[in-house]
Asker: 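The structure follows.
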Amino acid sequence: MPELPEVEIVRQSLNKKIRQKKVKKVIIRNRNLRIKLPTDFKNFLENKTVFEVSRFSKYLIFNLTNEKFCLIHLGMSGTIHLINNKKKNKFTNLSFYNSPLLPKKHSHVEIVFDDFRIVYNDPRRFGFFQIIQNTLNLKKRFEHLGPEPFNDAFNIKYFENFIKKKNRCVKDLLIDQKFVSGIGNIYANEILFLSKIDPKKKIKSLSKNECSKIIIYAKKVLLNAIKNGGSSIRDFKNTDGHRGRFQNNFKVYQREGLTCKRSNCLSKISKKIISNRSTFFCNSCQN
DNA sequence: AAGAGGCCCTGATAGC
DNA sequence: TGCTATCAGGGCCTCT
């Protein structure tokens with residue numbers, strides 16, 4: 001599911017709710033995620049205070065006041081729901097599971113605070129939790145990842161240096177987290193459309209101007225998506241269980257056969273599998 | 001050693 | 001209605 005904007009939406013609402021709050025209890029319902037939930041997870045988190053919720057790339061980070069960290073990756077289908085503890089059904093005592101917005105199956109972990117709890121739900125189990133013991137290890141954890149698009153380190157010099165003599169296509173480059181982190185399949189499509197670059201184009205033949213455009217539009221598209229609450233294709237929900245709105249702004253993603261949105265362009269959007277993922281583009285605008 | 005491809009997993013949808 | 005096939009936003013591993 002979630003690329004950088006969706007994770008940021010989740011981060012913002014979580015941070016508002018749980019910063020400076022103490023974890024009262026952790027309920028583990030299913031340890032089977034992409035990485036098995038650590039055996040000491042419950043101990044690690046219970047009675048600790050969340051200093052703040054931050055994020056790097058597609059990773060959520062709970063910064064605890066004891067300088068330790070809990071990392072959450074949502075994989076493809078992970079969602080986090082905020083549920084009010086007090087709204088209990090007086091007969092069943094279980095009504096927080098009855099919310100129509102909370103999925104009935106696949107809730108793996110609940111982290112309980114005083115008057116509310118957060119529920120991690122992940123049908124496809126591509127997500128995971130990780131415990132990080134100190135700041136140095138946190139830094140090491142992200143060492144292999146490239147800068148986020150917003151970072152000054154993601155600049156033309158870095159770009160040109162990275163693509164030298166490489167034979168991959170530009171779509172492949174944009175979803176490579178070692179090059180730039182946070183962009184996934186949806187936003188790679190959108191960025192290349194706005195930059196007017198064919199996703200199949202080999203990166204060694206990108207002009208300086210094309211590299212600059214990618215840098216500019218990567219920032220623009222992601223920021224715009226954040227402003228619009230992220231994109232929901234099927235799974236993504238914010239912590240209130242509601243969908244994002246940015247999917248309504250897609251220029252190419254999932255628009256196969258529809259007319260290109262650029263004014264004066266009458267072409268239809270094409271779809272091809274590139275880098276093993278569905279790729280959408282306009283044949284006449286992007287070349 | 002870069003790059004292509006497979007795989008982890010469940011559920012929604014399409015086609016018969 | 002009910003089967004099967006295909007596809008999905010990520011990331012890691014293996015093979016060449």
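Convention: sequence-line order gives letters A, B, ...; per-chain numbering from 1.
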Asker: Between A/F126 and A/K105, which residue's closest nucleotide on DNA chain B lies nearer the 5′ terminus?
Answerer: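 Checking each residue's closest nucleotide, the 5'-ward one belongs to A/F126.
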Asker: I'd like the P distance from B/dC9 over to C/dC3, given in whole Å.
Answerer: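 My reading of the P atoms in C/dC3 and B/dC9 gives 24 Å.
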Asker: Does a side-chain N or O of A/H73 approach OP1 or OP2 of C/dG10 to a distance below 4.0 Å, or not?
Answerer: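 Indeed not, no polar side-chain atom of A/H73 lies that close.
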Asker: Apply the salt bridge (Lys or Arg N to Asp or Glu O under 4.0 Å) test between A/E210 and each candidate in A/K204, A/K202, A/K201; give the one that qualifies.
Answerer: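 Answer to the salt bridge (Lys or Arg N to Asp or Glu O under 4.0 Å) test with A/E210 among A/K204, A/K202, A/K201: A/K201.
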Asker: Go through it in stages, so that I can follow the logic: the residues are A/E8 and A/R55, the test is side chain to side chain contact (heavy atoms under 4.5 Å, CB included), and I'd like the CA-CA distance, side-chain angles, deciding distance and then a yes or no.
Answerer: CA-CA 7 Å; A/E8 174 59 18; A/R55 178 190 58 73; 2.8 Å; yes
Asker: Can you list everything that forms a side-chain hydrogen bond (donor to acceptor under 3.5 Å, both in side chains) with A/R31? Sequence neighbours excluded, please.
Answerer: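 Applying side-chain hydrogen bond (donor to acceptor under 3.5 Å, both in side chains) to A/R31 gives none.
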Asker: Considering only heavy atoms from C-beta outward, does the side chain of A/I27 approach that of A/R117 to under 4.5 Å?
Answerer: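 Side-chain contact under 4.5 Å: yes.
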Asker: If each of A/C169 and A/R277 is mapped to the nucleotide of DNA chain B with the nearest heavy atom, which maps nearer the 5' terminus, i.e. the 5' end?
Answerer: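 Final value for this comparison: A/C169.
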Asker: Can you give the dot-bracket line for DNA chain B, where a pair is Watson-Crick or G-U wobble with both atom distances under 3.5 Å, crossing pairs use [ ], and | marks a partner on another strand?
Answerer: .|||||||.|||||||
Asker: Ignoring the backbone of A/E3, work out which of B/dG3, C/dG10, B/dG11 is nearest its side chain.
Answerer: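 Selected nucleotide: C/dG10.
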Asker: If the cut-off is 4.0 Å, is A/R34 near the phosphate of C/dG10, judged by side-chain N/O to OP1 or OP2?
Answerer: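 A/R34 to C/dG10 OP1/OP2: no side-chain N or O under 4.0 Å.
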Asker: Does the A/N151 side chain pair with the main chain of A/F154, one donor and one acceptor, at a distance under 3.5 Å?
Answerer: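 No: the side chain of A/N151 does not pair with the backbone of A/F154.
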Asker: B/dG3 phosphate, OP1 or OP2: any side-chain N/O from A/R168 under 4.0 angstrom?
Answerer: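 For B/dG3, OP1/OP2 do have a side-chain N/O of A/R168 under 4.0 Å.
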Asker: Would you say A/D176's side chain and A/D172's backbone share a donor-acceptor pair under 3.5 angstrom?
Answerer: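 No: the side chain of A/D176 does not pair with the backbone of A/D172.
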